[in-house]
Amino acid sequence: MAAGVAAWLPFARAAAIGWMPVANLPMPVAPAEKNKRQDELIVLNVSGRRFQTWKNTLDRYPDTLLGSSEKEFFYNEETKEYFFDRDPDVFRCVLNFYRTGKLHYPRYECISSYDDELSFFGIVPEIIGDCCYEEYKDRKRENAERLMDDQEDNKDAKLPNMTFRETMWRAFENPHTSTMALVFYYVTGFFIAVSVITNVVETVPCGSAPNQKEVPCGERYTVAFFCMDTACVMIFTVEYLMRLFAAPSRYRFMRSVMSIIDVVAILPYYIGLVMTDNEDVSGAFVTLRVFRVFRIFKFSRHSQGLRILGYTLKSCASELGFLLFSLTMAIIIFATVMFYAEKGSSSSKFTSIPASFWYTIVTMTTLGYGDMVPKTIAGKIFGSICSLSGVLVIALPVPVIVSNFSRIYHQNQRADKRRAQKKARLARIRITKTGSSGPFIHGKRNGLFNEALELTGSNEEEQHLSKSTSLIESQHHHLLHCLEKTTNHEFVDEQYYQQSYLEAGLQNYPSRSPSLSSQDGVTGTCCTRRSKKRHTPLPNASGPAHMQPLSHTHTQGLQELSTIHIQPLSTSRSSLNMRVDEQAPLNCQGSQITTAIISIPTPPVTTPEGDAHLPTGPTHQNVVKVSAL
Amino acid sequence: MKSRSQEQSLSDSRELDRSHDPLTGSVADEGELSTVCYRPEGLDRLVQQTNFSKKELQILYRGFKNECPSGVVNEETFKSIYSQFFPQGDSSTYAHFLFDAFDTQNNGTVSFEDFVVSLSIILRGSTADKLGWAFNLYDINKDGCITREEMTDIMNSIYDMMGKYTYPCIKDSDAKEHVDNFFQKMDKNKDGVVTIDEFLETCQKDENIMQSMMMFDNVI
């Protein structure tokens, strides 16, 4: 519950008057405000700077230093103020948190001093409001990275028990960890370069034999090149296999881009080995050799910049796609126009529209090879329009794309950050949310003791117990309690709800305890899976039965019911389904399947106050409807 | 000529970024904050109008002003404040009915005076006054009688506040049963509506209700 809203709790409680006339059950007793003091001012002296605030303001957060009795340790009797020897600037933020319910992080403040102050005053940094949270997290991350870098410099000594596999993986990923890794890094780099150069040189025509035409080097020194190729491929294969062995998650490694590149780089060689000298497929074989050029992409492991380029291209795909699309549109338009314009002229190169595509592209990108030129006047006019618009069409999207590169690149980084933070934050918010309803449900179990003690009038123990929850919390709980009474249902947490739903789904009544009276012919299971949302759970038993001890006279009937329950708790979902299905045909056979009402004479034990109310209030008939399948 | 064409291009660019609406010609300001600030009448007058002491009014106003610096609560703020007390369920419908009950002048906002006058009835009024206020809350259209539909709406909104995770599970028929119960108890002449007299009469005879009405008296 936010701080400022705590001030509205009296209003919410007053509005609860609206429930009173419709409630059927008597309301629980309100928590007594034993010593209702007038609101007083507190003076907080932080290193000489005096802050003043109402005591109620500080009481809003009882689990912090200022809100709890911990501040009494800092109380100065002579000056009647609380003295803290801390930074007054950061204290300003801390105090504002109490006042407004929002914790802010000032940008000029050092992150570690801020963290220190927060931990001193017992405030969890996760409460920082959205306005400042991102900044806080960024600074914290930077700080942590800096610390990690410092640590890593003196951490290059091998960790004591890393398996051989982990050492290898580490060596592969980070070549600076050991000399072996560095050597390996350079060797593979060298061989990649050698392989690429070999592929290139293979096609250069070497000197010719006197009576033959020039042949490329590849055909002249076939054996040498083959040996070179084999050596490179062997190195690459060994490297790939070693990486595969060392990878912590082999499946993930095999799916990664780099490993695919590796595979594509070495595969043509092996395929070539397999299909040797087969005339039909030699054409395909030649094509395969083209793929050897992909070895150059293996350099991206060695170059950070290449990886970044690939990543940004991937993330700019839509912009590039748009550029391509608009270019295509323009090309088609102009090609059509040029074709029809040049149709008249004789011996025109513009034989068809697709043939004109080449002219349009060359003109629009201002290349202008000159192999196709328009000859008619109309053709020349349109040709010039084409080249002018080409400049515009290309020049306009390019800066947009360039700026998109940097924007998207940075944005992607920030978006990933925020997404990762968001998941964690939502989890924390969920925890605190269950924390806000949690204490109520948790407090209900303790509530039995509180109320019983109040009734029996033992004051000391009651005070001791009520000290643990603040007055505001107990008032809030009382309010929720009144709502429960009004509607005659209880708040439970999600876990318990699922549990009771499961149990109820399994319910059938093969054996009746004698304390239940039932009508004949009821054989239905309590809850069909069809009526998922609303179903009738078993009366009272399993819920509170394991929540708190009950007086002996009432456990008789309940215990039997609860023994029925112990079994279902351990069954798995699949057997649950089986059971329900098994029972279904049985039930359908019964001829008198009617909806029946079981009235249970035992007094209600839904609420922990059952015992407390029994001596005073009237017994209330609990009515449970059971519908048969 | 030049100035006109410049104006033209300016308005075109304004049209593009949608700050200018060519139909109405008005400029939509994005940053116009509502500078409405409502101040209540003097403290003394409020002390006279309500049954609160000066100190109590001061405390109330401080809490009020914290959440609503502009001096008035609109329905959204009201709902969001109220929902913080009931994290498990959906309290917006009930908060809406509450808002209507507090907004005695029917102008869509609750000023501090409205707020404090209603609170004074609830917390410092006689039992008859409190019951009258509750009746006013249930009577959604303020026509002097509670029909079954109005009661059903109110009941549903109360049950909504419980949320999903309850024990026992809330069925659709629960609220209906409760309403039937209520009418059975309150509607003496069985004409399908509950008038203020029937309501007062029945409630004043019911021990539980009378007792619970006085439960929140020392809230402030």
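Residue numbers begin at 1 in each chain, while the letters A, B, ... track the order of the sequences.
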TODO: Tell me, out of A/Leu483, A/Asn56, A/Leu479, who's got the most heavy-atom pairs with chain B below 4.5 Å.
DONE: A/Leu483
Open item on the list: Between B/Thr166 and B/Met162 (side chain of the first, backbone of the second, donor and acceptor by atom type, cut-off under 3.5 Å), is there such a pair?
Closed with: no
Counting only heavy atoms closer than 4.5 Å, note whether [X] contacts chain A via side chain, backbone, both or neither.
X        : answer
B/Phe78  : side chain
B/Leu119 : side chain
B/Ile122 : both
B/Met151 : side chain

Open item on the list: Shorter than 4.5 Å, heavy atoms on both sides: which option in B/Phe135, B/Phe86, B/Tyr94, B/Phe97 has the most such pairs with chain A?
Closed with: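 Most pairs with chain A among the choices: B/Tyr94.
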Open item on the list: Using a 4.5 angstrom heavy-atom cutoff, name the option from B/Phe115, B/Phe182, B/Tyr159 with the most pairs to chain A.
Closed with: B/Tyr159
Task: Check ion pair B/Arg148-B/Asp180 (N to O, under 4.0 angstrom) - done: yes
Task: B/Arg124 and B/Asp129 ion-paired at < 4.0 Å - done: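 No, B/Arg124 and B/Asp129 are not salt-bridged.
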[X] and [Y]: side-chain donor and acceptor closer than 3.5 Å?
X        : Y        : answer
B/Ser157 : B/Asp160 : no
B/Asp174 : B/His178 : no
A/Tyr98  : A/Trp54  : no

